[in-house]
Structure formats: structure tokens, C-alpha cells
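Mind having a look at this structure? Questions to follow.
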Amino acid sequence: MTTSSAPGKVYLFGEHAVVYGEPAVPCAIERRARVSVEPRDDHRVRVESDDLTLDGFTVEWGGPADEHHDVDVPSNLVEAATGYVDEALSQARDAIGDPEAGFDVTIESDIPLGGGLGSSAAVVVAAIDAAVRASGETIEPEELADRAYQAESTVQGGEASRADTYCSAMGGAVRVEGDDTRPIEAPELPLVIGYDGGAGDTGELVAGVRALKEEYGFAADTVETIGDLTREGEQLLAAADPDGDPGPVLLEELGDLMDFNHGLLSALGVSSRSLDRMVWTAREADATGAKLTGAGGGGCIVALDEGQATRRALEYSPGCDQTFRAELATEGVRAEE
Ligand SMILES: Nc1ncnc2c1ncn2[C@@H]1O[C@H](COP(=O)(O)OP(=O)(O)O)[C@@H](O)[C@H]1O
Ligand SMILES: C[C@@](O)(CCOP(=O)(O)O)CC(=O)O
């Protein structure tokens, strides 16, 4: 059995706008997906995951040429559940030059599914890495990030940025603008996550923003404004001491930009009542700023607070199912014992 893990992420700034070539700054967090892979003697694929929305199941199918998944649920649900793993394994087969390789795959993840913390990217990155290594080959992080992006992009019908997959492969804070991807330095920020227990449909939300942008000039301007504020945020991070305490002034300034970013995402129609409620709960506690993270529609918010007040307020907030502090994951993909 060969096991790799890869982290989830939060967006400090720039989700959605990044799909249209604006910059984004995601930041990897210590919540990981672990994928174990064993090569098979035949061409089939077997995936086990206790976390899938199908509520824990085992499915067996015959690899890319075999459309038949041996499980008794509607096929769109099966595709939603298995599409990312399927594409990750296609990328792994391509990387090792064996188009028919079969694998047994086991997935364990601490990252809520579809909640905006990059669960699919972490699963895809870890699955490609583990499948390649299980086949006796190695893959460099840059190539891994690119292959993971190709996999996500295929599943999402071409509507994906490189942000989630690059961040998960490399770890730390990163900057993504179109095909330009790079690590950036950032101090350890006091990130607090609120999770409403729900999920958003990334493809649908991205399509909604595209439609709005095509119909209304102000929506296109909103996307550009998100790009502008992301550049401001980057400058603040670049000016800070990456090894020092961020300090109250930087936290206020970053928090203001996060609040502004959330407002613009709301204007684009991707927030929800529970996300707005958690954002306001955080702000009215002691957070210097708060925003939704990821595609939106439901799932997680990220707030900045050095103390305990935001977590405590979120714990008692009716719309919040879970709250936790997220540490920056400096390591991206890694081999596990
Ligand atoms: N633990 C897991 N096991 C198997 N597949 C997973 C797991 N976590 C995520 N996925 C895949 O990723 C999809 C969710 O990804 P996505 O909609 O991009 O949400 P997120 O906001 O978490 O990135 C799930 O429908 C599933 O296909
Ligand atoms: C909305 C988007 O910018 C981020 C989606 O993040 P997540 O899949 O919800 O974690 C889409 C993308 O960048 O591919």
C-alpha cells in the first residue's frame, strides 16, 4: 500500500475571479486527504471512501473504458462521487505510461466535502501522487499540480482555475493568476473556520457567475474589483515579516479586505444565508474580517481572530455546525507511512 496526503485550503482572496484570469491567494491548511493505492493485476479500479456523499460505499468498475459502475444509485450521483478519482487515476496512468493500469484506492479525509476547503483538489493531488509512487515512479510537485489541474478541469467541464490544485500540491500560501502559479511568503495568520454543515455545487456556482458577468457590465466590474483587492492583499502580505507575528494593524487591514471580498462575492450571488450569518457572527465577535471561502452556496467561512471570541460565538451560532482553528500547512503533498 502506498499512501500520500495533501492539504485542503482557504482562499484569503480571489475565488471565482481567478477563473477569469484575476489573481487569487489561497493558503493551505492542516486538514488533509490521505489516499492509499495498491496496483492491481487486472485493469479494474476499486475505490473505498467513508466520506462520500453517497454515505459510505464501495464501488468497483473497470477503468476508463468501462461505463458501468457496480453500485445501486443514480448515475449522476455516482459520477459526482467518482469523477475526480477517475480523472486522477487517468492522469496517473498517463504519467506512468500504462493506459490500462488498475488500482485499489482507499480515501480518508479530514476535509468536509464540497465545503470550500478544497476537498476535491486534495483528493486528486494525493491520488495521483500515491498511484504514481505505487507504480514505482516519482512525480515532481509542479507536474503533479499540473496533472491535478487537468483532472479537476475535465470534471468541472473546463471551468477550473489552477488555484486549489497548485496550493494543495505545494502547500503554504500561493498566488495564482491564469497559468502563472507561485508560492508566496506569508506570516502564520490566526484563521478561524466556520462550517455550516452544507455544501455548494462548484460547477453550478461558477456557471452562475459567468452568466451574470455576461449579462451585466457591473458583474464584470465586480470580478475586476476582486482582482484589485487581491493585489492589495498580496502587497500587505509581501510587506509583512513571514516569520513574525502578523500584529494587530496587519490583521485589521487584511480583515477589511476580506470583508470587502465577501461583499463582492455576495453581489455575484454566491453567498447564502448561513454563510452570511456566520460571517456576521464572526465580525460581531472579535474577528478583524470574515468571508466565505471557495465556491460558496454553503460550506465554510474563514475569519481572522487571534483570540477565542470568534470560535466561541460561532459555536453558539445556530447556523454553524462546526468551528475550528486552521493552521497553515507549510507542506503540500507528502508521502505517508
Ligand atoms: N473523502 C473523499 N472521498 C472521495 N471523494 C471525495 C472526498 N472528498 C471530496 N471528494 C470528491 O470531491 C467532490 C467535492 O469537491 P468540490 O465540489 O470541488 O468541493 P470542495 O469545495 O470541497 O473543493 C466530491 O463530490 C467528491 O467527488
Ligand atoms: C470558485 C473557484 O474559484 C474555487 C472553488 O473552490 P472549492 O472547489 O469550493 O474549494 C473555482 C476554481 O478556482 O476552480
Side-chain angles (χ1 to χ4, degrees), residues 5-11 13-29 31-36 47-59 76-89 105-127 148-149 151-168 174 176-178 181 195 198-210 223 226-227 230 261 265 268-270 275 292-302:
S5 77
K9 57 102 233 299
V10 294
Y11 276 90
F13 309 108
E15 56 272 87
H16 283 287
V18 70
V19 175
Y20 309 100
E22 299 294 340
V25 179
C27 185
I29 59 168
R31 285 250 155 171
R32 288 183 170 261
R34 277 166 293 279
V35 180
S36 301
V47 178
E48 265 187 70
S49 171
D50 288 339
D51 311 300
L52 278 169
T53 38
L54 296 179
D55 231 359
F57 77 114
T58 300
V59 56
N76 59 335
L77 281 185
V78 176
E79 262 159 44
T82 58
Y84 288 101
V85 182
D86 233 351
E87 282 306 321
L89 295 179
V105 179
T106 308
I107 305 170
E108 282 171 15
S109 176
D110 313 328
I111 310 167
L113 263 86
L117 299 185
S119 69
S120 60
V123 165
V124 167
V125 165
Y149 162 68
E152 283 234 317
S153 180
T154 305
V155 180
Q156 288 167 213
E159 295 268 46
S161 75
R162 293 180 179 273
D164 286 23
T165 38
Y166 182 74
C167 185
S168 185
V174 305
V176 173
E177 183 172 5
T181 50
Y195 172 41
D201 182 324
T202 303
E204 230 168 71
L205 289 151
V206 170
V209 172
R210 181 175 293 282
V223 166
I226 293 177
T230 301
N261 197 161
L265 288 165
L268 292 175
V270 298
L275 291 174
L292 69 83
T293 174
C300 294
I301 64 142
V302 53

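One-based numbering along the sequence shown. Just follow the structure's listing: the first ligand is 1, and inside any ligand the first atom is 1. Values reported hereafter were calculated over all heavy atoms of this structure, with side chains retained and with hydrogens, waters and symmetry mates removed. These figures come from a predicted structure and were not determined experimentally.
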heavy-atom search around atom 3 (O) of ligand 2 in the protein gives H16 N, 2.9 Å
The reported gap from OH in Y84 to CD in Q156 (rounded to nearest 0.5 angstrom) is 3.5 Å
Between D164 and ligand 2, is there a nitrogen or oxygen pair with a distance under 3.5 Å?
-> yes
Among L205, I107, L113, closest by any non-hydrogen atom to atom 24 (C) of ligand 1 = L113
Identity and separation of the nearest protein heavy atom to atom 9 (O) of ligand 2 | A295 N, 2.9 Å
Quick one: does E159 get an N or O within less than 3.5 Å of an N or O on ligand 2?
-> no
Ignoring hydrogens and angles, tell me if any N or O in the side chain of R34 forms a donor-acceptor pair with the backbone of E108 under 3.5 Å.
-> no
Out of curiosity, is G118 lining ligand 1, as in a heavy atom under 4.0 Å away?
-> yes
Test item: S168 side-chain N/O and G8 main-chain N/O as donor-acceptor pair under 3.5 Å = no
One should read off an interatomic distance between L268 CG and R210 CZ, to the nearest 0.5 angstrom, of 13.0 Å
So is V85 polar-close to ligand 1, meaning N/O to N/O under 3.5 Å?
-> no
Nearest heavy-atom neighbours spanning L275 and V270 = CD1-O, 4.3 Å
Has G294 got any heavy atom lying under 4.0 angstrom from an atom of ligand 1?
-> no
For F13 and N261 the tightest heavy-atom approach is CA-OD1, 3.3 Å
Give the residue and atom name of whichever protein heavy atom lies nearest to atom 4 (C) of ligand 2, and the separation in Å to one decimal.
-> Y11 OH, 3.6 Å
Side-chain donor/acceptor of E87 to backbone N/O of A151, under 3.5 Å = no
Side chain, backbone, both or neither: the part of A163 lying under 4.0 Å from ligand 2 by heavy atom = neither
Under 4.0 Å to a heavy atom of A160 - the qualifying atoms of ligand 2, by number = 14 (O)
One finds that the ligand 1 atoms under 4.0 Å from a non-hydrogen atom of S109 are 1 (N)
Point-to-point distance, once rounded to the nearest 0.5 Å, from OG1 of T154 to CG of D86 = 11.0 Å
Under 3.5 Å, is there a donor-acceptor pair between the side chain of H16 and the main chain of V206?
-> no
For ligand 1, which atoms, with element, lie under 4.0 Å from some heavy atom of T202?
-> 16 (P), 17 (O), 18 (O)
Atom indices of ligand 2, in the order listed, that fall short of 4.0 Å to a heavy atom of G116 = 9 (O), 10 (O)
If you measure from CD on E22 to CD1 on I226, what distance do you get to the nearest 0.5 Å?
-> 8.5 Å
Could you state the interatomic distance from CG (L117) to CZ (R31), rounded to the nearest 0.5 Å?
-> 8.0 Å
Determine whether any heavy atom of G118 lies closer than 4.0 Å to an atom of ligand 2.
-> yes
Close-contact set for ligand 2 against V18 heavy atoms, below 4.0 Å | 3 (O), 13 (O)
Is there a nitrogen or oxygen of E15 sitting under 3.5 Å from a nitrogen or oxygen of ligand 2?
-> no
When you measure from atom 13 (O) of ligand 2 to every protein heavy atom, which one gives the shortest distance, and what is it?
-> S161 OG, 2.5 Å
Which heavy atom of T293 sits nearest a heavy atom of V10, and at what distance?
-> OG1-CA, 3.5 Å
N or O pair under 3.5 Å between G116 and ligand 1 | yes
Tell me which protein heavy atom sits closest to atom 11 (C) of ligand 2, plus the residue, atom name and distance to 0.1 Å.
-> V19 CG2, 3.8 Å
Taking C-beta and beyond as the side chain, do V19 and V209 meet within less than 4.5 Å on heavy atoms?
-> no
Backbone or side chain, does any N or O of S120 fall under 3.5 Å from an N or O of ligand 1?
-> yes
Check whether any side-chain heavy atom of D164 sits under 4.5 Å from a side-chain heavy atom of Y11, and report yes or no.
-> yes
Within a distance under 4.0 Å of any heavy atom of P112, pick out the atoms of ligand 1 and give their elements.
-> 22 (O)
Pick one of side chain, backbone, both or neither for how K9 approaches ligand 2, counting any non-hydrogen atom pair under 4.0 Å.
-> side chain
Taking E152 for the side chain and A121 for the main chain, is one N or O donor matched with an acceptor at less than 3.5 Å?
-> yes
Between S49 and ligand 1, is there a nitrogen or oxygen pair with a distance under 3.5 Å?
-> yes
Using non-hydrogen atoms of the residue, decide whether R162 is closer than 4.0 angstrom to ligand 2.
-> no
Nitrogen or oxygen of Q156 less than 3.5 angstrom from that of ligand 1 | no
